[in-house]
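Down below is the structure, laid out as structure tokens.
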Protein chains: 2
Amino acid sequence: MKAGLSRERLVRAGAELADEAGFDQVTVSALARRFDVKVASLYSHLKNSRDLRTGIALLALEELADRAAEALAGRAGKEALTALADVYRDYAHEHPGRYAAAQLRLDPETAAASAGVRHARLARAVLRGYDLDEPDQTHAVRLLGSVFHGYVSLEMGGGFSHSAPDTRETWSRTLDALDALLRNWPDP
Amino acid sequence: MKAGLSRERLVRAGAELADEAGFDQVTVSALARRFDVKVASLYSHLKNSRDLRTGIALLALEELADRAAEALAGRAGKEALTALADVYRDYAHEHPGRYAAAQLRLDPETAAASAGVRHARLARAVLRGYDLDEPDQTHAVRLLGSVFHGYVSLEMGGGFSHSAPDTRETWSRTLDALDALLRNWPDP
DNA sequence: TACGTTTCCCTAAAGGTTTTAGGCAAATCA
DNA sequence: TGATTTGCCTAAAACCTTTAGGGAAACGTA
């Protein structure tokens with residue numbers, strides 16, 4: 001009875017498991033259980049358990065970049081800014097486990113070959129709508145990354161006690177503020 | 001031969017272990033090894049392994065709040081802003097394991113009793129130097145948290161490839177930008 | 001000082017995860 | 001059809017978590 005395992009299917013199922021049970025619950029054992037297969041069978045398709053987690057991280061980065069690229073098509077300026085921001089926030093809400101996986105620290109070579117570089121390019125694309133030269137553009141790319149990641153991660157971690165005002169309101173005002181800042185980037 | 005274990009000492013040693021080997025390497029077994037004691041002995045002082053990690057997280061939050069309170073004493077405006085920001089960044093660089101621990105998701109009661117609330121108050125103290133009323137002040141507190149946490153976490157995770165321009169330069173320009181933004185907070 | 005109690009760490013054991021080594025049978029190919 | 005490859009299995013070792021119960025040292029008290 002062949003179960004039809006493959007690295008592809010395993011990583012995808014791992015991503016689902018992460019979203020359902022949390023990224024830290026993603027284990028080779030749990031995955032084997034899910035396929036109703038013995039644990040050792042997975043080791044023909046995965047190098048080790050870290051390999052599984054890395055695979056999920058890379059998948060999440062790809063999916064995020066795909067969504068971002070689609071969201072940015074035909075948009076510019078503040079519209080592009082909020083579109084990109086919402087991609088990150090929505091993805092984290094829809095796929096908390098995958099989003100957590102995307103935060104996994106990758107070794108430099110893997111990171112360089114990942115969709116991470118597309119993310120940087122997409123952020124730069126948003127900044128084309130604002131008037132920034134190097135090195136300010138790089139500073140701004142990093143600021144965008146920081147705000148998006150920091151906000152989403154604090155929100156998901158319960159860092160903002162679910163009290164008034166609504167976090168969606170804060171999100172919208174944060175994007176207003178970022179837009180204002182980029183249009184009016186201060187001189188050193 | 002009594003080893004002189006106590007919850008206090010275990011948590012503190014766990015924090016050191018986290019800084020040296022990474023927060024995910026913090027395990028009851030590793031800790032027992034460090035004290036040259038059998039694993040089961042630790043369970044008189046710790047409820048379970050999560051209890052250990054939670055203890056480290058609470059310790060880190062306390063230490064961070066202490067540093068922040070000291071750094072803010074006698075400062076206001078942009079000086080206070082950069083002082084607070086540097087406390088987070090420096091702490092994360094000095095104590096990466098503890099900083100990772102501080103990101104641990106706590107259950108609501110534990111969080112409410114933690115130093116997390118002091119952090120919120122300290123951020124509000126910084127904002128006294130700027131002219132913001134509610135609910136914008138709350139939005140701004142959340143923005144500060146997002147930027148500080150997001151920046152530090154991306155920087156430490158290698159998210160900013162160590163290429164030009166220097167990340168310290170970006171940090172300084174980011175604080176300039178935040179200051180400018182807070183002085184000139186946009187209307188909705 | 002001797003006795004009872006508490007404190008502290010230990011042994012023992014069960015259950016879960018990771019990973020490697022080697023085997024067998026079904027699928028594939030010549 | 002026979003040979004090879006593929007795919008999942010059994011077995012086993014190593015490590016982490018957690019609970020149950022025991023024994024000796026430290027401590028308080030008479």
Side-chain angles (χ1 to χ4, degrees), chain A residues 1-59 96-98 100-101 103-107 110, chain B residues 1-59 96-98 100-101 103-107 110:
Chain A
M1 183 76 62
K2 308 267 172 165
L5 304 183
S6 74
R7 186 188 155 85
E8 170 81 13
R9 282 193 68 194
L10 289 174
V11 167
R12 209 162 282 282
E16 286 165 25
L17 178 58
D19 286 336
E20 291 163 20
F23 186 55
D24 49 340
Q25 298 302 307
V26 172
T27 165
V28 181
S29 293
L31 209 51
R33 238 171 276 133
R34 185 164 278 227
F35 281 94
D36 199 28
V37 138
K38 295 299 171 180
V39 189
S41 307
L42 302 199
Y43 281 84
S44 325
H45 306 277
L46 303 170
K47 277 219 313 284
N48 49 42
S49 90
R50 175 159 189 85
D51 183 38
L52 168 62
R53 286 189 285 270
T54 301
I56 299 172
L58 294 177
L59 172 66
R98 284 160 152 98
Q103 255 52 69
L104 187 68
R105 189 174 183 144
L106 304 171
D107 56 295
T110 311
Chain B
M1 184 74 63
K2 309 267 171 163
L5 304 182
S6 74
R7 186 189 155 85
E8 170 80 14
R9 283 192 67 194
L10 289 174
V11 168
R12 208 161 283 282
E16 286 166 25
L17 179 59
D19 286 336
E20 291 164 19
F23 186 55
D24 49 339
Q25 298 301 307
V26 172
T27 162
V28 181
S29 292
L31 210 50
R33 235 171 279 133
R34 185 165 279 229
F35 281 93
D36 198 30
V37 137
K38 297 297 173 181
V39 190
S41 307
L42 302 199
Y43 280 84
S44 323
H45 306 279
L46 303 170
K47 279 220 311 283
N48 49 42
S49 88
R50 174 158 189 85
D51 184 38
L52 169 61
R53 286 188 285 271
T54 301
I56 299 172
L58 295 177
L59 173 66
R98 284 159 152 99
Q103 256 51 70
L104 187 68
R105 189 173 185 145
L106 304 171
D107 55 295
T110 310

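- Whole-Å rounding puts the B/L52 CG to D/dT18 C1' distance at 14 Å.
- As rounded to whole Å, 18 Å separates atom P of C/dT7 from atom CG of B/L42.
- Listed nucleotides D/dC8, D/dT17, C/dC9 differ in distance to B/S44; the shortest reach to its side chain belongs to C/dC9.
- Residues that satisfy the side-chain contact (heavy atoms from CB on, under 4.5 Å) test with A/T27, not counting sequence neighbours, are A/S29, A/A30.
- Within the 3.5 Å criterion, the main-chain N or O of B/G4 finds a donor-acceptor partner in the side chain of B/R9.
- Residue B/K47 contributes atom NZ, which lies 15 Å from atom C1' of D/dT17 at whole-angstrom precision.
- For C/dT19, one of the phosphate oxygens OP1 or OP2 lies less than 4.0 angstrom from a side-chain nitrogen or oxygen of A/S49.
- With D/dC8, D/dT17, C/dT19 as the choices, the nucleotide that has an atom nearest any side-chain atom of A/L5 turns out to be D/dC8.
- No option in A/L17, A/L59, A/I56 other than A/L59 meets the side-chain contact (heavy atoms from CB on, under 4.5 Å) test with A/R12.
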Mind listing the side-chain donor-acceptor pairs of residues 33-46 of chain B below 3.5 Å, one per line with the distance, residues two or more places apart or on another chain?
unit_1: B/R34; atom_1: NH2; unit_2: B/E20; atom_2: OE1; d: 2.6
unit_1: B/S41; atom_1: OG; unit_2: B/K38; atom_2: O; d: 3.2
unit_1: B/S44; atom_1: OG; unit_2: B/S41; atom_2: O; d: 3.4

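- Look at CZ on B/R50: it is 19 Å from C1' on C/dG16, rounded to the nearest Å.
- Separating the CG atom in A/N48 from the CZ atom in A/R53 is a distance of 8.0 Å, to the nearest 0.5 Å.
- In this structure, the side chains of B/L106 and B/T54 come closer than 4.5 Å at one or more pairs of heavy atoms.
- Taking atom NE2 of A/H45 as the reference point, atom C1' of C/dT19 lies 15 Å away to the nearest angstrom.
- In the set D/dT18, D/dC8, C/dT20, the nucleotide with an atom closest to the side chain of B/Y43 is D/dT18.
- Of the listed nucleotides (C/dA21, C/dT11, D/dT18), C/dT11 has the atom at the smallest distance from the side chain of B/A40.
- Nearest to the side chain of B/S41, among C/dC9, C/dT19, D/dT18, sits C/dC9.
- The nearest whole Å value for the distance from the CG atom in A/L46 to the C1' atom in C/dT17 is 14 Å.
- Of the residues in residues 22-38 of chain B, B/T27, B/V28, B/S29, B/R33 come within less than 4.0 Å of DNA chain D through at least one heavy atom, sorted by number.
- Taking atom CZ of B/R7 as the reference point, atom P of C/dT7 lies 18 Å away to the nearest angstrom.
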Worksheet item: Should A/T110 and A/L58 be marked as a side chain to side chain contact (heavy atoms under 4.5 Å, CB included) after you check the CA-CA gap, both sets of side-chain angles, and the distance that decides it?
Response: CA-CA 9 Å; A/T110 311; A/L58 294 177; 4.1 Å; yes
